[in-house]
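Since the structure comes first, as structure tokens, the remarks are kept for the end.
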Amino acid sequence: MVTEIKTTPKTPIIYPESDGQPMAENTEQFRWIVTIQGGIDALFKDDPNVFVAGDLLWYPVEGNNKLRVAPDVMVAIGRPKVKRGSYLQWEEDDIAPQVVFEVLSPGNTLTEMAKKLDFYQRYGVEEYYIYDPDKIDVCGWIRTENQLTLIDTIKGWISPRLGVKFEISESGLELYRPDGRKFSTYIELESDRQKAEERAQQAEERAQQEAEHAQQEAERAQQEAQRAQKAEERAQQQAERAQQQAERAQQEAERAQQEAERAQQEAERANRLAERLRELGIDPDAM
């Protein structure tokens with residue numbers, strides 16, 4: 001007799017997409033998370049294989065739904081830009097996020113941050129940055145020889161993976177893209193957009209004014225040309241009249257010359273006739 005052994009199917013493991021914690025504890029922390037995530041996402045907008053997320057649960061090990069963390073900002077280079085409810089590393093070619101940012105709030109504890117540092121150290125993060133906006137304090141770690149080591153000087157530091165430069169001012173952390181542009185908040189971006197529109201409007205108005213001025217100059221030049229043309233035509237007409245007068249004077253002179261020649265000829269004939277009469281004994285003066 002054969003006894004059939006029944007096996008109970010394994011219950012699929014569920015990886016929750018939320019840990020029930022808020023993304024941020026205050027507006028300042030939220031503003032910085034959004035600014036950093038948005039700035040990095042914009043930096044790599046044309047690269048389809050750089051995934052940037054904020055407050056997304058990362059599960060590094062398949063089968064363990066308790067081992068997880070939700071970085072404020074994480075960057076996974078080599079992974080496509082697709083929608084995700086969580087980052088399941090075994091479904092991402094086992095690529096761990098290379099860069100992680102944490103923005104502190106008053107509720108963060110030293111124990112919590114130490115656990116996160118240990119998590120990022122253990123599961124392959126290459127660059128880890130913490131910013132405290134209340135104290136304007138920034139620190140970072142870089143992976144060297146498979147160990148996250150503290151960056152001695154963060155001011156002026158350039159992220160090897162992102163090419164982003166870190167600066168500290170009196171107002172807080174400043175992040176700069178490789179092209180020198182600063183990461184901006186949505187308000188700053190909107191202000192910059194409005195200023196750009198105003199500059200464009202002003203440039204358009206200047207161009208319009210210059211076009212109108214050029215049109216006026218062209219019209220004045222046209223008028224000057226027309227006046228010059230009319231003056232030239234009047235001068236031409238006067239020259240033609242002078243030419244005609246000169247020709248008439250020449251004709252009058254020629255007629256006068258002809259009259260004088262005819263009178264001379266008449267006088268010569270009269271003299272010859274008078275001589276013949278005298279030869280005939282006739283006094284022409286007495287006739």
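Just so you know, residue 1 is the first one in the sequence shown, and it goes up from there.
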Let me confirm one number: the [atom1]-[atom2] distance from [X] to [Y], rounded to the nearest 0.5 Å.
{"X": "Asn26", "Y": "Ser105", "atom1": "CG", "atom2": "OG", "value": "6.0 Å"}
{"X": "Asp19", "Y": "Ser86", "atom1": "CG", "atom2": "OG", "value": "11.5 Å"}
{"X": "Tyr15", "Y": "Leu88", "atom1": "OH", "atom2": "CG", "value": "7.0 Å"}
{"X": "Met74", "Y": "Asp55", "atom1": "CE", "atom2": "CG", "value": "10.0 Å"}
{"X": "Ile13", "Y": "Glu62", "atom1": "CD1", "atom2": "CD", "value": "7.5 Å"}
{"X": "Ile168", "Y": "Leu173", "atom1": "CD1", "atom2": "CG", "value": "5.0 Å"}

Specify the closest pair of heavy atoms between [X] and [Y], including all atoms of both residues, with the distance to one decimal.
{"X": "Val138", "Y": "Tyr131", "value": "CG2-CD1, 3.3 Å"}
{"X": "Gly163", "Y": "Pro178", "value": "O-CG, 3.4 Å"}
{"X": "Glu17", "Y": "Leu57", "value": "C-CD1, 3.6 Å"}
{"X": "Leu43", "Y": "Leu162", "value": "CD2-O, 3.6 Å"}
{"X": "Ile14", "Y": "Pro16", "value": "O-CD, 3.2 Å"}

Return yes if a side-chain donor-acceptor contact under 3.5 Å exists between Gln215 and Glu219, otherwise no. yes
Within the 4.5 Å heavy-atom criterion, are [X] and [Y] side-chain neighbours or not?
{"X": "Tyr129", "Y": "Ile36", "result": "no"}
{"X": "Gln89", "Y": "Tyr59", "result": "no"}
{"X": "Val103", "Y": "Pro133", "result": "yes"}
{"X": "Phe44", "Y": "Asn49", "result": "no"}
{"X": "Pro71", "Y": "Val69", "result": "yes"}
{"X": "Ser184", "Y": "Thr35", "result": "no"}
{"X": "Lys230", "Y": "Arg227", "result": "no"}

Validation row, ring centre Phe119 to ring centre Trp58 under 6.0 Å: yes
Please report whether the ring centroid of Phe166 lies less than 6.0 Å from that of Tyr176. no
May I ask you to decide whether [X] forms a salt bridge with [Y], counting only side-chain N to carboxylate O separations under 4.0 Å?
{"X": "Glu92", "Y": "Arg79", "result": "yes"}
{"X": "Arg278", "Y": "Glu275", "result": "no"}
{"X": "Lys81", "Y": "Asp47", "result": "no"}

Do [X] side-chain atoms and [Y] backbone N/O form a donor-acceptor pair below 3.5 Å?
{"X": "Glu25", "Y": "Gly107", "answer": "yes"}
{"X": "Tyr128", "Y": "Glu102", "answer": "no"}
{"X": "Thr149", "Y": "Thr144", "answer": "no"}
{"X": "Glu127", "Y": "Arg161", "answer": "yes"}
{"X": "Glu126", "Y": "Pro160", "answer": "no"}
{"X": "Gln37", "Y": "Val73", "answer": "no"}
{"X": "Ser18", "Y": "Gly20", "answer": "yes"}
{"X": "Asp41", "Y": "Val52", "answer": "no"}

Mark yes when over 12 heavy atoms from residues, nucleotides or ligands other than Leu150 sit less than 6.0 Å from its CG; otherwise mark no. yes
Take a 6.0 Å sphere around NZ of Lys155 and say whether it holds more than 12 heavy atoms from other residues, nucleotides or ligands. yes
Would you verify whether the NZ or CZ of Arg84 falls within 45 degrees of the ring axis of Phe51 while also being under 6.0 Å from that six-membered ring's centre? yes
Taking a hydrophobic cluster as the set of Ile, Leu, Val, Met, Phe, Trp and Tyr residues connected by side-chain heavy atoms closer than 4.5 Å, whether directly or through intermediates, do [X] and [Y] fall within one such cluster?
{"X": "Val125", "Y": "Ile142", "answer": "no"}
{"X": "Val50", "Y": "Ile40", "answer": "yes"}
{"X": "Leu67", "Y": "Tyr120", "answer": "yes"}
{"X": "Met113", "Y": "Ile33", "answer": "no"}
{"X": "Ile151", "Y": "Val100", "answer": "no"}

Full working for side chain to side chain donor-acceptor pair (under 3.5 Å) between Glu268 and Gln264: CA-CA 6 Å; Glu268 290 176 354; Gln264 178 67 27; 3.2 Å; yes
The salt bridge (Lys or Arg N to Asp or Glu O under 4.0 Å) partner of Glu174 among Lys182, Arg181, Lys165 is Lys182
Quick one, Glu247 with Gln243, criterion side chain to side chain donor-acceptor pair (under 3.5 Å). Give me CA distance, side-chain angles, the key distance, then yes/no. CA-CA 6 Å; Glu247 290 175 355; Gln243 178 66 26; 3.2 Å; yes
Could you please spell out the steps behind the side chain to side chain donor-acceptor pair (under 3.5 Å) verdict for Arg143 and Asn146? CA-CA 6 Å; Arg143 186 172 292 274; Asn146 202 33; 3.3 Å; yes
Assess the residue pair Ser169 and Ser171 against the criterion (side chain to side chain donor-acceptor pair (under 3.5 Å)); give the C-alpha distance rounded to whole Å, side-chain angles, the decisive distance to 0.1 Å, and a yes or no. CA-CA 5 Å; Ser169 69; Ser171 60; 3.0 Å; yes
Assess the residue pair Phe101 and Trp141 against the criterion (ring-ring contact (aromatic ring centres under 6.0 Å, His included)); give the C-alpha distance rounded to whole Å, side-chain angles, the decisive distance to 0.1 Å, and a yes or no. CA-CA 11 Å; Phe101 285 81; Trp141 289 261; over 10 Å; no
For a side chain to side chain donor-acceptor pair (under 3.5 Å) with Gln201, tell me which candidate from Glu198, Glu205, Arg199 qualifies. Glu205
